[in-house]
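Only this structure's heavy atoms are used, side chains among them; waters, hydrogens and symmetry mates stay out.
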Amino acid sequence: MSFKIAFSRPTANEEDQRTLFQQYSAAGYEGLQLKAAQYMPYIHEPEKFKEAWGHLSGVGSALITGGRLDEANLEQLRDVFRFASKIGTDLIVYCHGIPRKEVTADDIRQYAVLLSELGLEAQQQGVKLSLHHHYNNPVMYREDFDVFFDQISNKPVGLTIDTAHLVKSGIHDAAEVIRSFGHVIDNFHLKDFENGEWKVLGQGAIDFKPIFGAIKDIDYSGWISADEESGGGIVEGLKACYSYIQHGLKS
């Protein structure tokens, strides 16, 4: 098993973003998975992003984006592909922002076809498209994963597993999902959850022991990101999450 550890969290202002960018490497992380607000100001000026942050190894290892796959969103997504290719991004992590109650299984199959086409476009730019399943998004329930990935051919779209979104969506056997879809998983967002709130890893109610076991079982090779959205301190979150992941996967 060969994996790389990244970190991701929203930032409220430029000072917070500067702290995050300056501290992740010192905490042991090999990359940052950026929220949209952290890179969109540079979307048409990748050279300015590289000038500001390009000296930081792995600073844009993944770019998180989303939308409804309407015309405007497709144009924006292609802009993200182009930007990613310029700054050395590995993954585009896509959150499909349509409420689950608005879609049927046939809709999910159609989304899979469209995202497959977009995945091929991403590959032409030298990056990989990964679907981030999400609470109240089209791929939310356990059966939705089967419907979506049964429609995918030649693996042009991978899967980002988010532990807290699985639990919030009513899927409590994360290990089963990991083993069942290990062939398409290309990213992990490890996040804790309790009483309706995101928690720092190890401080919520999720039992990560079987999750770490399943990651080992599939001999995973790729990015594993702490997705820290608890609202706590940046430096404290960096340190706590890194220690938890290291202990869980290497013990």
Side-chain angles (χ1 to χ4, degrees), residues 1-66 75-95 119 121-130 132 158 160 162 186-191 200-201 220-247 249-250:
M1 182 173 68
S2 175
F3 57 87
K4 296 177 287 186
I5 301 178
F7 191 79
S8 180
R9 66 156 286 161
T11 45
N13 49 52
E14 289 185 6
E15 182 180 355
D16 281 355
Q17 181 165 330
R18 193 176 306 112
T19 299
L20 174 65
F21 281 33
Q22 291 174 346
Q23 295 296 322
Y24 76 93
S25 183
Y29 296 91
E30 297 172 83
L32 274 183
Q33 301 203 352
L34 301 181
K35 307 296 187 183
Q38 294 163 347
Y39 66 85
M40 284 302 293
Y42 303 93
I43 194 70
H44 297 299
E45 298 177 299
E47 292 305 320
K48 285 191 175 181
F49 181 90
K50 291 167 67 175
E51 181 180 347
W53 308 113
H55 62 288
L56 301 174
S57 178
V59 68
S61 57
L63 304 179
I64 302 167
T65 188
E75 182 178 349
Q76 181 188 69
L77 186 55
R78 290 178 175 118
D79 285 341
V80 175
F81 291 167
R82 287 187 285 269
F83 176 77
S85 72
K86 298 293 186 181
I87 70 165
T89 293
D90 293 335
L91 286 171
I92 307 297
V93 180
Y94 188 79
C95 303
E121 290 186 34
Q123 286 181 352
Q124 291 171 1
Q125 296 285 346
V127 296
K128 179 79 182 293
L129 182 63
S130 183
H132 186 319
T160 291
D162 187 303
D186 53 13
N187 192 35
F188 282 92
H189 278 185
L190 301 184
K191 181 161 65 241
V200 174
L201 282 173
Y220 179 71
S221 178
W223 285 106
I224 297 175
S225 181
D227 190 26
E228 217 297 89
E229 297 184 331
S230 70
I234 294 173
V235 174
E236 294 83 356
L238 280 164
K239 292 179 179 178
C241 291
Y242 187 81
S243 175
Y244 194 79
I245 293 172
Q246 283 283 86
H247 177 76
L249 286 173
K250 295 192 174 181

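- The aromatic ring centroids of Phe188 and Tyr220 lie less than 6.0 Å from each other.
- The pair Asp186-Lys128 meets the salt-bridge criterion, with a side-chain N (NZ, NE, NH1 or NH2) lying under 4.0 Å from an Asp/Glu carboxylate O.
- Checked by atom type and distance alone, the side chain of Glu45 never pairs as donor or acceptor with a backbone atom of Tyr42 at under 3.5 Å.
- Other residues, nucleotides and ligands contribute at most 12 non-hydrogen atoms within 6.0 Å of the CD atom of Glu51.
- Taking each heavy atom of Gly119 and Leu129 in turn, the nearest pair found is N-CD2, 3.7 Å.
- Distance check: Cys241 SG to Ile224 CD1 gives 13.0 Å after rounding to the nearest 0.5 Å.
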Practice item. Begin with the C-alpha distance, continue with both residues' side-chain angles, and end with the deciding distance and a verdict on side chain to side chain contact (heavy atoms under 4.5 Å, CB included) for Glu228 and Val200. Key: CA-CA 6 Å; Glu228 217 297 89; Val200 174; 3.7 Å; yes
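- With hydrogens and angles ignored, the 3.5 Å screen pairs a side-chain donor or acceptor of Ser85 with a backbone N or O of Arg82.
- The backbone N or O of Arg78 lies less than 3.5 Å from no partner atom in the side chain of Gln76, so there is not a single donor-acceptor pair.
- When each of Val80, Asp79, Ile87 is tested with Phe83 by the rule side chain to side chain contact (heavy atoms under 4.5 Å, CB included), just one qualifies, namely Ile87.
- From Leu34, atom CG reaches atom CG of Leu20 across 8.0 Å, with rounding to the nearest 0.5 Å.
- For Gly60 against Thr89, the heavy-atom pair with the smallest separation is O-OG1, 2.7 Å.
- Between Lys50 and Glu47 a salt bridge is recorded (basic side-chain N to carboxylate O distance below 4.0 Å).
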Point to revise | Stepwise side-chain hydrogen bond (donor to acceptor under 3.5 Å, both in side chains) test for Ser130 and Thr160 | key: CA-CA 6 Å; Ser130 183; Thr160 291; 2.7 Å; yes
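- When only modelled atom types and interatomic distance are considered, Gln33 and Asn187 share a side-chain donor-acceptor pair under 3.5 Å.
- Remark: Phe21 CZ to Leu56 CG distance equals 8.0 Å, nearest 0.5 Å.
- Ion pairing of Lys191 with Glu229 is present here, as a side-chain N (NZ or NE/NH1/NH2) and a carboxylate O approach within less than 4.0 Å.
- Across Ala6 and Leu32, no two heavy atoms sit closer than the pair CB-N, 4.5 Å.
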Review point. Does the pair Trp223 and Glu30 meet the rule for a side chain to side chain contact (heavy atoms under 4.5 Å, CB included), with working shown?
Key: CA-CA 9 Å; Trp223 285 106; Glu30 297 172 83; 4.1 Å; yes
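- Contact record, Pro46 with Lys86: CB-CB, 3.6 Å, taken as the closest heavy-atom pair.
- Between Thr19 and Gln17, the side chains place no donor N or O within less than 3.5 Å of an acceptor N or O (distance only, hydrogens not considered).
- Heavy-atom minimum distance, Ala226 versus Tyr29: CB-OH, 4.4 Å.
- Atom CE of Met40 is separated from atom OG1 of Thr65 by 6.5 Å, given to the nearest 0.5 angstrom.
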